[in-house]
2 protein chains.
Amino acid sequence: MKISKAAKACGLSADTIRFYEKSGMLPDIPRGPDGHRDISAKDIDWLTLLYWLRETGMPLKQMKRFTALAKAGDAGVAERRQILRDHSAELGRRRALLDRCEEVLAIKIASYGEAP
Amino acid sequence: MKISKAAKACGLSADTIRFYEKSGMLPDIPRGPDGHRDISAKDIDWLTLLYWLRETGMPLKQMKRFTALAKAGDAGVAERRQILRDHSAELGRRRALLDRCEEVLAIKIASYGEAP
DNA sequence: TAGCGGGTTGGAGCAGCTCCAAGTCAACAG
DNA sequence: CTGTTGACTTGGAGCTGCTCCAACCCGCTA
């Protein structure tokens, strides 16, 4: 699969995919005879997971750690699971922030007087 | 109030407050005879609102627009309300993303096998 | 009178993209 | 066969939104 199709499939931009590859966050992606990337369905799965992680604010540093563990295979499974658990907990905290912010906004909007 | 106390009160860092001031996102903050900022309770309210907006991902550009409207007084109220409404809607979308991500993580975690 | 704990400024550095220039190659039009 | 289009390649510059740093000033206590 070419990069632009892959981008649509995983939700990241083509530039971001290239950037993640440069940063060592992707498995080795083979090139065709024309030098173009040949991105597999497995790669798409990985990219999609990365998409979710960064979309919900995981720092690159942690994504790199996660990648390194994935490359290590079974040995890294426990820590990978822990990272995902931690991130899941982080999402809970973020949701609480969103909720609190909605309250703040509601109060502020009300203070401007109701809808015109 | 001095800047470090203000930082604690509003949730932003002292550096961020200075940065926001440089960027024109704060009302004019007077200096004492020693050159130090004298931040008022009203300023804290404003900073706290900015804290919530940026904490939930509003871009600086929009925060600047919001600030400009606030400086314009009553004339800008309708648009300010609209900006907050739009942001509130945005929060809904973000919550949906968080929810979706939690599902994805749960599936991924399960695929590693249950807790050791 | 020296040192400490705050504050001030301008500017550099960082994360995480995002965009651009310059080049290559395949495919198709004329 | 040549020319144009379009999708890809790379390296590197630019952008956002902080975050940190150096160099300095000021008031205070020992």
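It should be emphasised that the depicted structure is a prediction, and the values quoted were computed from it without experimental measurement. Convention: sequence-line order gives letters A, B, ...; per-chain numbering from 1.
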Seminar exercise, completed: Between A:Lys61 and B:Glu21, the residue closer to the 5' end of DNA chain C by nearest nucleotide is B:Glu21
Problem set entry | Interatomic distance, A:Asp15 CG vs D:dC15 P [rounded to whole Å] | 16 Å
Distances for protein N/O vs nucleotides 5-9 of chain D N/O pairs under 3.5 angstrom?
unit_1	atom_1	unit_2	atom_2	d
D:dC8	OP1	A:Ser4	OG	3.0
D:dC8	OP2	A:Ser4	OG	3.0
D:dT9	OP1	A:Arg37	N	2.8
D:dT9	OP1	A:Arg37	NH1	2.7
D:dT9	OP2	A:Arg18	NH1	2.8
D:dT9	OP2	A:Arg37	NH1	3.0
D:dT9	O5'	A:Arg37	NH1	3.4

Exercise. Nucleotide range of DNA chain C contacted by chain A, 5' to 3', under 4.0 Å to a heavy atom?
Worked result: C:dG16 to C:dC19
Exercise. Is A:Glu21 salt-bridged to A:Arg31, cutoff N-O under 4.0 Å?
Worked result: yes
Problem set entry | B:Asp15/B:Arg18 ion pair, N-O < 4.0 Å | yes
Exercise. Got a donor-acceptor contact below 3.5 angstrom from the A:Asp43 side chain to the A:Ser40 backbone?
Worked result: yes
For this session: Check whether any side-chain heavy atom of A:Leu69 lies under 4.5 Å from a side-chain heavy atom of A:Arg65, and answer yes or no.
Result: yes
For this session: Could you tell me whether a side-chain N or O of B:Ser111 sits under 3.5 Å from a main-chain N or O of B:Lys108, the two making a donor and an acceptor?
Result: yes
Problem set entry | Distance in angstrom units between A:Lys22 NZ and D:dA13 C1', rounded | 11 Å
For this session: Nearest-nucleotide wise, let me know which of B:Phe19 and B:Pro33 is further upstream toward the 5' end of DNA chain D.
Result: B:Phe19
Exercise. Can you find a pair of side-chain heavy atoms, one from A:Met25 and one from A:Leu60, that are under 4.5 Å apart?
Worked result: yes
Exercise. In terms of side-chain geometry, is the basic nitrogen of B:Glu103 or B:Arg100 positioned less than 4.0 Å from the acidic oxygen of its partner?
Worked result: yes
Exercise. Tell me, do A:Leu91 and B:Leu105 make a side-chain contact under 4.5 Å, heavy atoms counted?
Worked result: yes
